[in-house]
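Below is one structure, written out as structure tokens; comments come after it.
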Amino acid sequence: MLSRTSILRVVSKLLIPPIGLYALYVQFHGDFGPGGGFQAGVIFATVFILYALIFGVTNARLVAPSWLTRAMLASGVLLYAGVGVASMLMGGDFLDYSQLATDPIAGQHLGITLIEFGVGITVAGAMITIFLIFDGRIRVDDDDEDG
Amino acid sequence: MVVTAYALVQIRSLFAVAMMSGIYSLLAASLYLVMDAVDVAFTEAAVGAGISTVLMLGTLALTTRMEKVTHKPGLTPLLIVVATGALLIYATFDMPPYGDPAAPIHNGVSARFIERSGEEVGPPNIVTSVLASYRGYDTLGEVTVIFTAAVGVMALIGRGRSRRRKKSDDPEAPNT
């Protein structure tokens, strides 16, 4: 039903790219302005869910198949913990980013960027996965009622 | 916000309740914005007003649209709610005024964070330094919680995946 409403389609087509861009801005500019991985991940998931609502979940699944969102979900946590382990291997404590580069500030910067990216991936993956599962569940019930 | 909350309790149509809770979250987001917590504000706007409303609508599609009317809620719940509310309001009398620099929360480690985070960690945004570096363990824990939540949803209602995908991938495609 929603896919036939042309106003919604046009407006969301206009809005989706800026929202996605804003998510990336929040992700990588979190050191300087407000924001960070969590917010960026949520905004990114919002883009995806808006697309799915307007253009149909079937199309959205082509963009982000469930294996991809699950991989995002796990790889973010792994990236975060991996940065911790890496800093441990390089002679510091767990999550001590100063060890990641020769200059402690550069190391901190690299570490924070990486873990924020990990947070963003996991949050976006989690939100999209939950949304897709709800949608899939609805379809299973519909199929059961039909057949 | 009070009006919205009252409407939430009174309305029986769960569809309207989902919408109202979205409005409530949006109002909460503007409140955070007024209190200068921009990052919290847009998290609330995106999660509370956006995604959770969508998820609630999804749940409605799975269950039923109208709330079951239960008659005569007893006196005990009311008493408990009033007592808890009174206790919370009593507790706010002890809170320092908003933005008071002498508040206990500003006398702990935060002064050190504000002074030294620039040279120790680098980013001009101290919130990021605190969350990602000084409190790195906590943030790792939070990410793990989110991961666990998604895995939990998968385990609870994500059953029969392969069967469903075969069925649902081909229909509805000409719909768009």
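Reminder, nothing fancy here: chain letters follow the sequence lines and each chain counts from 1. Here the structure is a predicted model, which means the values were calculated and not measured.
- A:Phe131 CZ: more than 12 foreign heavy atoms inside a 6.0 Å radius.
- At least one side-chain heavy atom of A:Val42 sits under 4.5 Å from a side-chain heavy atom of B:Ile51.
- Taking CD of A:Glu116 as the reference point, atom OG1 of B:Thr139 lies at 7.5 Å (rounded to 0.5 Å).
- To the nearest 0.5 Å, atom CE of residue B:Met154 and atom OG1 of residue A:Thr129 are 5.0 Å apart.
- Taking each heavy atom of A:Val77 and B:Phe147 in turn, the nearest pair found is CG2-CB, 3.7 Å.
- Between chain A and the residues B:Thr43, B:Ile146, B:Leu140, the largest count of heavy-atom pairs under 4.5 Å involves B:Leu140.
- Two different hydrophobic clusters hold B:Met56 and B:Tyr24 under the rule that ILVMFWY side chains link at heavy-atom gaps under 4.5 Å.
- Taking B:Ala149, B:Ala150, B:Ala45 one by one and counting their heavy-atom pairs under 4.5 Å with chain A, the maximum is reached by B:Ala150.
- With hydrophobic clusters built from ILVMFWY side chains whose heavy atoms lie under 4.5 angstrom apart, A:Phe117 does not share a cluster with A:Leu78.
- A:Ile128 and B:Val151 fall within the same hydrophobic cluster, where Ile, Leu, Val, Met, Phe, Trp and Tyr residues are linked whenever their side-chain heavy atoms come under 4.5 Å apart, directly or through other members.
- In the hydrophobic cluster analysis, where Ile, Leu, Val, Met, Phe, Trp and Tyr join through side-chain heavy atoms closer than 4.5 angstrom, B:Leu26 is grouped apart from B:Ile23.
- Both the backbone and the side chain of A:Leu73 come within contact range of chain B, each with at least one heavy atom under 4.5 Å from a heavy atom of that chain.
- Contact residues of residues 15-24 of chain A toward chain B are A:Tyr22 (heavy-atom distance under 4.5 Å).
- Most heavy-atom pairs under 4.5 Å with chain B: of the set A:Leu50, A:Thr122, A:Val83, A:Leu62, this distinction falls to A:Thr122.
- Using a 4.5 Å cut-off between side-chain heavy atoms of Ile, Leu, Val, Met, Phe, Trp and Tyr, with links allowed through other members, A:Leu8 and A:Phe55 fall into the same hydrophobic cluster.
- The shortest side-chain heavy-atom distance between A:Phe38 and B:Val143 does not fall under the 4.5 Å cut-off.
- Heavy-atom distances place the side chain of B:Val54, and not its backbone, under 4.5 Å from chain A.
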